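See structure below.
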2 protein chains.
Amino acid sequence: MSTPLSEMEKEVIDIFVRIAGVLSLPRSIGELYGLLFISPDPLCIDDCVRKLGISKGSTSQGLKILRSFAAVKPVYMPGDRRDFFTAEAELRKIVGGFVSEQVRPHLDNGKERVARIQLLLAEETPERKEFFAERIKRLEGWQKRANAVLPFALNFIKPD
Amino acid sequence: MSTPLSEMEKEVIDIFVRIAGVLSLPRSIGELYGLLFISPDPLCIDDCVRKLGISKGSTSQGLKILRSFAAVKPVYMPGDRRDFFTAEAELRKIVGGFVSEQVRPHLDNGKERVARIQLLLAEETPERKEFFAERIKRLEGWQKRANAVLPFALNFIKPD
DNA sequence: CACTTTGTTCAGTACTTTTTGAACAATCTG
DNA sequence: CAGATTGTTCAAAAAGTACTGAACAAAGTG
């Protein structure tokens with residue numbers, strides 16, 4: 001029932017499984033992307049299930065998440081009712097999708113949080129206030145810097 | 001037995017718990033760093049245990065990890081046998097420690113991995129070889145770019 | 001040296017996340 | 001439309017991760 005993976009496939013998939021780990025994404029998502037990345041032709045859900053030996057449920061959900069930040073794109077196959085997918089190989093598109101999907105929300109949240117803390121500062125005794133004010137200013141600085149590095153880093157990935 | 005946290009402490013700790021999540025570090029590590037970050041004076045293990053309501057084991061291990069990338073530094077308190085800690089507030093130092101401790105190893109591993117895959121390329125039929133070669137080259141490019149962005153991003157954090 | 005204080009370690013437990021698989025919905029096909 | 005094919009959803013199970021607490025080690029104290 002299950003097709004064995006070639007050495008090459010295993011190695012490449014392994015790389016993406018590790019990357020998934022770093023990004024705190026499920027293992028299966030790394031497997032799926034890796035498989036599609038190294039597949040000359042688009043694959044359908046059942047191809048993935050057979051090749052990777054994971055369940056159809058995982059595969060369906062995994063591809064959904066990968067599509068959500070455009071790491072994988074659907075390919076129309078004439079005369080075939082099944083959905084086929086290839087890996088998006090342009091790093092810029094993936095990173096862009098991932099950032100706006102998973103990173104930006106955190107940064108935005110942080111910003112309003114720091115704002116809230118600044119209000120709490122008013123209630124402190126003058127003595128402690130000084131220290132707290134310094135720390136909050138520092139937090140704000142980090143915040144700003146994170147927001148500044150992002151677009152820059154994205155831009156660093158220019159050609160593709 | 002346990003000291004309640006002030007509003008300010010809660011808010012700040014919350015921020016660092018979120019950051020810990022993003023970096024896939026345990027929640028307790030975020031709590032510890034947050035607490036120390038907003039504490040005017042150095043704290044000992046038992047202070048942390050009482051303030052955060054976590055176990056001594058977690059605290060000990062958490063501080064060990066925080067020390068491993070210099071996010072926290074021991075402070076000598078004359079006449080006190082206990083170990084005290086403050087948060088390292090210089091972003092550059094923390095990020096530097098974190099990178100060389102948790103990021104660099106991944107990048108290095110990736111590099112040798114890509115090298116290994118290139119060897120496997122030899123065993124492919126000319127037809128598939130072309131596609132595989134393109135993909136591997138792409139992987140290599142990402143690799144290189146990641147290695148290039150890092151020092152640059154670190155440098156971006158100049159003043160402190 | 002017996003006792004106290006402090007920090008570490010680690011097996012077991014609690015919790016969280018991911019995966020499975022079966023039921024379902026949607027769409028196609030003859 | 002009845003039956004088949006394909007994809008999705010979600011409750012339950014499995015796997016993975018972090019936390020606890022008690023036992024231990026190390027070092028100080030009287």
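None of these values were measured; they are calculated from a predicted model. In what follows, chains carry the letters A, B, and so on, assigned in the order in which the sequence lines appear, proteins first and then strands, with residues in each chain numbered from 1. Side chains are part of it too, since the values below use all heavy atoms of this structure and drop only hydrogens, waters and symmetry mates.
Set against C:dT20, D:dC19, D:dG7, the side chain of A:I45 has D:dG7 as its closest nucleotide.
Ion pair A:R18/A:D14 flagged as a salt bridge, since at least one NZ, NE, NH1 or NH2 atom sits closer than 4.0 Å to an Asp/Glu carboxylate oxygen. Look at B:K137 and B:E140 and you find no salt bridge, because none of the NZ, NE, NH1 or NH2 atoms lies under 4.0 Å from a carboxylate O.
The closest side-chain heavy-atom distance from A:C48 to A:L32 is below 4.5 Å. Side-chain contact between A:D47 and A:C44 is present, with at least one heavy-atom pair separated by less than 4.5 Å. Inter-residue side-chain proximity for A:I38 and A:E11 is flagged as unmet; no heavy-atom pair is nearer than 4.5 Å. Residues B:D46 and B:K56 are in side-chain contact: their nearest non-hydrogen atoms beyond the backbone lie under 4.5 Å apart.
Protein atom CD1 of B:I54 is 7 Å distant from nucleotide atom P of D:dC19, rounded to whole Å. C:dT5 atom P lies 16 Å from atom CG of B:D83, rounded to whole Å. The distance from atom CZ of A:R82 to atom P of D:dG7 is 7 Å, rounded to the nearest whole Å. The CG atom of A:D46 sits 10 Å away from the C1' atom of D:dG7 (whole-angstrom rounding). One can place NZ of A:K56 at 12 Å from P of D:dT5, the figure rounded to the nearest angstrom. As rounded to whole Å, 10 Å separates atom P of D:dT6 from atom CZ of A:R50.
Near DNA chain C, meaning a heavy atom under 4.0 Å away, there are no residues from residues 97-104 of chain B. Taking every heavy atom of residues 59-80 of chain B and every atom of DNA chain D, no pair lies under 4.0 Å. Residues of residues 21-39 of chain A having a heavy atom closer than 4.0 Å to DNA chain D: none are found.
Residue contacts for B:R81: at a heavy-atom cut-off of 4.0 Å it reaches a base atom on one of the strands shown.
Closest approach of B:P42 and B:F84 over heavy atoms only: O-CD2, 3.6 Å. Scanning both residues, A:S100 and A:P105, for their nearest heavy atoms gives O-CD, 3.8 Å.
The shortest distance between the side-chain N/O atoms of A:S58 and the OP1/OP2 oxygens of C:dT20 is below 4.0 Å.
A:F37 carries B:R135 over the face of its six-membered ring, with the cationic atom under 6.0 Å from the centre and within 45° of the normal.
By the 6.0 Å contact criterion, CZ on B:R27 is open, its count of non-hydrogen atoms from other residues, nucleotides or ligands being 12 or less.
In this structure, the separation between CD on B:E124 and CD on B:E130 is 13.0 Å, given to the nearest 0.5 Å.
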